[in-house]
Number of protein chains: 2
Amino acid sequence: MPAPLYLQIRETLIDRMARGEFRPGEALPSEFALAAELKVSQGTVRKALDTLANDNLVLRRQGRGTFVPETTVERALFRFFRLTGPEGESLIPQPLSEKVTRRTAPARIAERLGLADGAKVLRIRRVRALNGAPATLEDIWLDPAILPVRAEGALPNALYTHYQRSHGISVARAEDWLSAAAAPRKVEKALGCPAGTPVLMARRDAFDITGRKVETRESWFLTDGIGYAASLA
Amino acid sequence: MPAPLYLQIRETLIDRMARGEFRPGEALPSEFALAAELKVSQGTVRKALDTLANDNLVLRRQGRGTFVPETTVERALFRFFRLTGPEGESLIPQPLSEKVTRRTAPARIAERLGLADGAKVLRIRRVRALNGAPATLEDIWLDPAILPVRAEGALPNALYTHYQRSHGISVARAEDWLSAAAAPRKVEKALGCPAGTPVLMARRDAFDITGRKVETRESWFLTDGIGYAASLA
DNA sequence: TAGTGGTCTAGACCACGCA
DNA sequence: GCGTGGTCTAGACCACTAC
């Protein structure tokens, strides 16, 4: 039994976005144009576009068109940066330091990125401040075959924007796994907190629009008046 | 400008579910029956039902009908209990102890429940085990005017099932706010962990289908091989 | 004014569950 | 076999945007 037409069209459109035929910020063809091209009714195209809009894979604006989302700094920060104040106020992280290194993947990282044992990967280690004080240490691990981030030159605060602009990779979805731990030594040093301070530890896998894993990271957060907001529906 | 028809119908259906006209586990009238009753086309009713299904407020099953979701134990546990093993394996909490008390609301709780300062509330304090060891302490705060949970008799493991069966309240949505802390004394005592153990602290507000806040809770989790799973789309 | 997505309708046929 | 929701089509009109 074949998948419904509208789901086939959905996949077609995802493919075309992924291979860069429709680029971030650009409008897709109109519903009628797509319907004519794909030889289905406009209603079927609409249903496909609705499911994409629902997953934040396209942006529909009445009177204007259907757009491939741009990973703007604001979007990246609000959608994928979940640390807020106690009443849910957004916080804006301030970069303090960052360093890109090429190294052999630790076993757990190689596994999470689906690479062979001993593969070379890139690690971005960065420290950011919240409310003026150093509060986050992030180790971001990348497969250079997918995201060959260059070590030279400062990276922007919103990494996902950089992935899209410089490497054509749009992060569409992420899965976080949170636990509490005593700050490891590297966190103590980076954030200047006392030995054994309880910190929020987050493991994240991030995926592009085709569902491919493009990043894995390990982050540590000082949660003094700060928390990770999650919504369950 | 009035809201679109299908949204008005959505609200009508939510109202009717909330006032118990359609009960959990029961089927709603068919699309055609609703269309005839509400004097709109079947397609419009369908669109309303689709938005409800999308928010998990109804359950659609081809060939059978559209159902008001029952908060089964499984559903409550999988949807609103987010602690998993490192690979995302679900864990099933085992109740160890629980106590319901009536007391004056602490200021922060009164505020979160929208009650006057000094109002009387119910507190359920319970301890549960994961993987065989005590791992969670939960303080659940209720407005007795909404959820007059009785102190006598054991409560089921899945509280939200109890809210629905015994009080007609269906929890539809929750917002969690997570931070890390050194275990407070009550957590040390309840879970038997050493002083100062880092624990995951979760603040939750839970809402019914009409959007009314029906519960607030504060939980502490030992995260040894355990984490809180969150999905960002 | 022209073109876009948003709403609403009407009707056909399909896939599924059940008696 | 019948009733349900799921898919697909066709067409009308509205609301918003751009020119």
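Note that the structure is a prediction, hence the values are computed from the model and not measured. Throughout, protein chains are lettered first and strands after them, A, B, ... in sequence-line order, and every chain is numbered starting at 1.
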Asks: Quick one: which residue pairs count as a side-chain hydrogen bond (donor to acceptor under 3.5 Å, both in side chains) with a foot in residues 11-22 of chain A, not counting sequence neighbours?
Replies: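 Found A:R16-A:E21, A:R16-A:E37.
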
Asks: Less than 4.0 Å between a side-chain N and a carboxylate O, is that true for B:R60 and B:E31?
Replies: yes

Asks: A side-chain contact here means heavy atoms from C-beta on lying under 4.5 Å apart; do A:R82 and A:L178 qualify?
Replies: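 No. Closest side-chain heavy atoms not under 4.5 Å.
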
Asks: Measure from the ring center of B:Y160 to the ring center of B:F80 and say whether it is less than 6.0 Å.
Replies: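 Yes, the ring of B:Y160 comes within the 6.0 Å limit of the ring of B:F80, centre to centre.
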
Asks: May I ask you to decide if A:T210's main-chain N or O and A:D208's side chain share a donor-acceptor pair within less than 3.5 Å?
Replies: yes

Asks: Going 5' to 3' through nucleotides 3-11 of chain D, assign each nucleotide B (protein heavy atom under 4.0 Å from a base atom), S (under 4.0 Å only from sugar-phosphate atoms) or - (no protein heavy atom that close).
Replies: BBBBBSBS-

